[in-house]
Amino acid sequence: MEEDLLNLLGRKDYVPADVPELLGALKLPAAKKRTLQKTLKQLERAGEVVRIKDARYVLPEEADLIPGRIQITRQGRGFLLPDAPGLGEIAIPASQTGIALHDDHVLVRRDVRPRGMRSKPDDPDTGSVVRVLARRRTRIVGTLRSSERFHYVVPDDSRMQKDIYVPPARDVGREAQSGDKVVVELGEWESRHTNPEGVIVEVLGPPTAEGVDMLAILRHYDLPLQFPPKVLQEVRRFGSEVGERDLAGRTDCRDHPVVTIDPEDAKDFDDAFSLERSGSKRWKLRVHIADVSHYVSPGSVLDVEARKRGNSTYLVDRVVPMLPEALSNELCSLKPRVDRLTKCVEFLINDDGKVVRSRCYPAVIHSRRRFSYEAAMEVMEGSPGDDIEEMLQQADRLAQKIRRRRFKDGSLELDFPESKIRLDDRGRVADIVRVEYDRSHQLIEEFMLLANEAVAGRLMKLKQPSIYRVHENPDPSRLKEYREEVLSHNVPCGNLEKTAEVQKLLRKLGELAIGPALKIGFLKSLMRARYAVEPLGHYGLAKDKYTHFTSPIRRYADLVVHRSLFEDRSGKKASLKETADHISATERNSADAERDSKSVKLYAYLQAQIKSGKPRRYEALVTDVRNFGIFIDVIDLGMGGLVPLSLLNDDFYEFDATRVRVHGRRTRRTIGLGDRLEVEVAKVDPLKKQVDFRLVPDPARKRGGKRRPADPKGNSRTSKSARKRPAAKGARKRRSPAANGNNKRNAKQSTPKGAEKQKSTPGTRAARKEASPSRKRRRRRSRSGSARNR
């Protein structure tokens, strides 16, 4: 019925009809009315049909209505990621987001502009939310506040612009105190002009209590700590070892020199490989991937739970796995010196790194050795001690040839340095280390990319429905805007719609001081990678055929691809699309949770520095300059922040919008995009997820050094002799717009956000104005790094 209904609504001669008229048009008996209503309701909830005036139904596009996921910024603005492939993003002003929350599935009415001289082809599409189809989450984590007459909760997520009215907590295990972290079940909310209401369902405790910070993240992102008993019971039936019955129909690769390379602290080993000569000028590379599909059958309770989770989530202090540890860390993990089941992609590769042919088959392996990245790198740079180490060096040389060929074919190098936080026994930051993306990482990346591409090509050749990893081309208007920014810094830049010009620019940026900051700007202009049933290709990797195949222990997408390729049990295209949308959402959810788990630990770490009175000094990169402050990336912390102009008290600084920099009136010091600064933490606001830094005073300036002239190409430069000097007596101090208002919530105020300045009564409704201006927050839409995440 669903297919017939959609076909009817899609006909050119269709006129909007109600339920009785649809029954007649579909030639259905009256007894099918309830079934038709149920189908319409399901399609409406999915955004595939819409109900208009007089309860008549049409396809969304007929009424300029577009379903999709809404992403909301911390300033309240939104943008829609349409469900339909090929449609660009739609910008949604803050006043038009309605009652939608971040990542909700919504229906947006696109604004249709009159054609003529006033319209510009580069103007972005805009729209307004008309309906929330489904909430991404109905439970909100926040801080409980109390006034004389009522209680309200301030959400932790600053993207939610309204406080939530709540009655006193009851039957939740403990009494809720003002200032406690709580979980609220969101209730009715009919208008953005009123505050939503809810009920406290869990009291987490004081925010400073040990463990509450991470518990709040787990609750906010709905990350389960345990598996249901039925799931664990199903896993126990598999046992702990590979049996003879499991080997039927598999190629025996147990005599091959198979090894794994993973992070030092990893326990779930998805992939392994072996390499050997095949003739005088060819190599036989076997990429082995854990055969999770052998144990996880479609529709089983284990499969349902894995799909629900979508992927594993790697928080700073724990892993929330997609599969129970008996599978993820044991029976499926490709541990050394035990038999394990795999799906193998075998390549024949010539000495130039070109794939001659490939094939796929189920296998069994017995891994010889497990390497960490650090240990593998030592072997690559040293003298081989045995056959395994010699194979590793050969694999390194082959991987570098494959890598050079990939970049020659148009792949973009978008990798950025990453940092890893190590915690002590009390959950506090003990150390922050830089993760070096060296040749050991590149070896695994190249081999995994080959496997993903080969499997995608095989699926497309077979015309087998499946799920693909897609990264769509960036919006030309965004590239044009970015190009203008690059040219404003006197950096040569061609037509960025051509991949060769993008590669040329990225190479150039690698040679300039301003390069890293401009490279971040390029990342902002890219679309975010996602899952889809259509093989739309991968822009960043310059591949027409690409999917995710190499991490089925931690990604449900890879498990689906395994079934599509080997078992023809992936499901119908409609259900695959629903799965692709779902796991794209869980991936975004996990990425946000992982980022926030690092942030809360860093906030506590920096707050402790402020309390000690001895904050550490950090090197920072200027990534943007505004009339109220300087945005920076603090490299050793792996986080961004702001240096407010109000904290530059050595001079009066003026903003130059043309050159995107500030300069001091008296000292003539300039600070611009790409400059390196030495900073220390000045203020931390965990609620708003904002950190302010101040510049470290330079003793050289106090001795009266001279100002270094500006770069003739327009790039600002700062030397030791051109840094801060003490302000002259009586000199005016610069105050930014941010300094004129209060930059943090007042914990003592009795009126919730959104309420009018009247008497404290539960019926009061209105939006509370923030005194400080909103700050631009960066949003990366393309994930770079290891191929295991691409």
Side-chain angles (χ1 to χ4, degrees), residues 257-275 285 287-290 312 314-319 321 328-330 333-338 340 365-404 413-425 429-451 550-551 553-554 594 597-598 601-602 619 635-638 783-790:
V258 177
V259 299
T260 63
I261 303 178
D262 286 276
E264 179 66 42
D265 56 355
K267 295 179 180 179
D268 50 348
F269 308 144
D270 282 284
D271 52 78
F273 73 91
S274 67
L275 183 70
L285 170 67
V287 176
H288 290 278
I289 307 301
S312 297
Y314 295 83
L315 304 180
V316 70
D317 69 334
R318 74 192 76 190
V319 177
S328 62
N329 293 359
E330 297 297 333
S333 184
L334 306 185
K335 300 167 65 176
R337 295 178 292 280
V338 291
R340 286 294 182 260
I365 65 169
H366 192 93
S367 175
R368 300 287 184 85
R369 197 175 303 175
R370 182 252 165 150
F371 289 95
S372 66
Y373 283 119
E374 294 80 5
M377 194 62 198
E378 287 183 10
V379 171
M380 292 174 187
E381 293 180 332
S383 299
D386 55 28
D387 292 344
I388 292 292
E389 292 186 356
E390 183 177 356
M391 182 200 73
L392 196 58
Q393 291 188 345
Q394 293 168 340
D396 171 37
R397 290 191 289 269
L398 181 63
Q400 289 303 311
K401 292 178 182 179
I402 296 170
R403 184 176 178 83
R404 287 192 291 271
E413 190 164 7
L414 300 173
D415 300 316
F416 266 87
E418 297 180 3
S419 60
K420 186 171 184 178
I421 298 176
R422 292 176 178 168
L423 305 178
D424 61 19
D425 294 338
V429 175
D431 193 16
I432 302 172
V433 295
R434 290 282 294 276
V435 178
E436 294 296 332
Y437 188 70
D438 55 30
R439 296 202 318 274
S440 64
H441 294 76
Q442 293 168 7
L443 183 153
I444 292 300
E445 176 179 32
E446 298 308 324
F447 290 174
M448 297 308 111
L449 289 177
L450 282 184
T550 55
S551 295
I553 289 178
R554 63 185 181 93
E594 290 166 5
S597 74
K598 291 181 179 180
K601 294 300 183 183
L602 286 173
E619 182 183 19
I635 299 165
D636 289 341
L637 293 175
R783 299 291 175 188
S784 61
S786 170
R788 291 169 171 165
N789 295 319
R790 288 191 179 179

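We count residues from 1, following the sequence as given. Given the structure is predicted, the values throughout are model-derived calculations rather than measurements. Reckoned from all heavy atoms, side chains included, excluding hydrogens, waters and symmetry mates.
- Between F447 and I402, the shortest heavy-atom distance links the atoms CE2-CD1, 4.1 Å.
- Summarising the local packing, NZ of K598 is surrounded by 12 or fewer heavy atoms from other residues, nucleotides or ligands at distances under 6.0 Å.
- Closest of all the heavy-atom pairs between V287 and A451 is CG1-CB, 4.1 Å.
- Shown here is R318, whose CZ atom has more than 12 heavy atoms of other residues, nucleotides or ligands within 6.0 Å.
- Distance check: I432 CD1 to D636 CG gives 8.0 Å after rounding to the nearest 0.5 Å.
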Evaluate the criterion salt bridge (Lys or Arg N to Asp or Glu O under 4.0 Å) for residue pair D386 and R368; output intermediate values, then yes/no. CA-CA 12 Å; D386 55 28; R368 300 287 184 85; over 6 Å; no
The test is side-chain contact (heavy atoms from CB on, under 4.5 Å); show your working for R554 and Y314 and say whether it passes. CA-CA 10 Å; R554 63 185 181 93; Y314 295 83; 3.4 Å; yes
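- Note: M377 CE to E436 CD = 10.0 Å, rounded to the nearest 0.5 Å.
- Interatomic distance, L443 CG to M448 CE, rounded to the nearest 0.5 Å: 8.5 Å.
- Annotation for K601 and V429: closest pair O-CG2, 3.5 Å, computed over non-hydrogen atoms.
- Side-chain contact between I444 and D271 is present, with at least one heavy-atom pair separated by less than 4.5 Å.
- Here the closest heavy-atom approach between residue S333 and residue S328 is recorded as CB-O, 3.4 Å.
- Surrounding NZ of K401 are more than 12 heavy atoms belonging to other residues, nucleotides or ligands, all under 6.0 Å away.
- Here the CD atom belonging to Q442 is positioned 3.5 Å from the CZ atom belonging to R403, to the nearest 0.5 angstrom.
- Rounding to the nearest 0.5 Å places OG of S440 at 5.5 Å from CE of M380.
- Remark: D270 CG to S551 OG distance equals 4.0 Å, nearest 0.5 Å.
- For D431, the CG atom is densely surrounded, since the number of other residues' heavy atoms within 6.0 Å is greater than 12.
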I would like to know whether F273 and V258 meet side-chain contact (heavy atoms from CB on, under 4.5 Å); could you show each step before the answer? CA-CA 5 Å; F273 73 91; V258 177; over 6 Å; no
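- Taking all atoms of both residues into account, the shortest heavy-atom contact from L334 to T260 is O-CG2, 3.5 Å.
- Residues L398 and E446 form no side-chain contact, since every pair of their non-hydrogen atoms from C-beta on lies 4.5 Å or further apart.
- Not one N or O on the side chain of D424 forms a donor-acceptor pair closer than 3.5 Å with the backbone of A430.
- Within the 3.5 Å criterion, the main-chain N or O of R397 finds no donor-acceptor partner in the side chain of R439.
- In this structure, Y373 and E264 have side chains that are not in contact, with every pair of non-hydrogen atoms separated by 4.5 Å or more.
- Looking only at side-chain heavy atoms (C-beta outward), D265 and K420 come within less than 4.5 Å of each other.
- Residues R337 and R370 have side chains not in contact (no heavy-atom distance under 4.5 Å, counting atoms from C-beta outward).
- Counting all heavy atoms, side chain and backbone alike, R340 lies closest to E330 at NH2-O, 2.9 Å.
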With side-chain contact (heavy atoms from CB on, under 4.5 Å) as the criterion, how do D438 and E374 come out once you've worked through the C-alpha distance, each side chain's angles and the decisive distance to 0.1 Å? CA-CA 9 Å; D438 55 30; E374 294 80 5; over 6 Å; no
Checking V319 against K267 for the side-chain contact (heavy atoms from CB on, under 4.5 Å) test, could you report, in this order, the C-alpha distance in whole Å, the side-chain angles of both residues, the deciding distance, and whether it holds? CA-CA 10 Å; V319 177; K267 295 179 180 179; over 6 Å; no
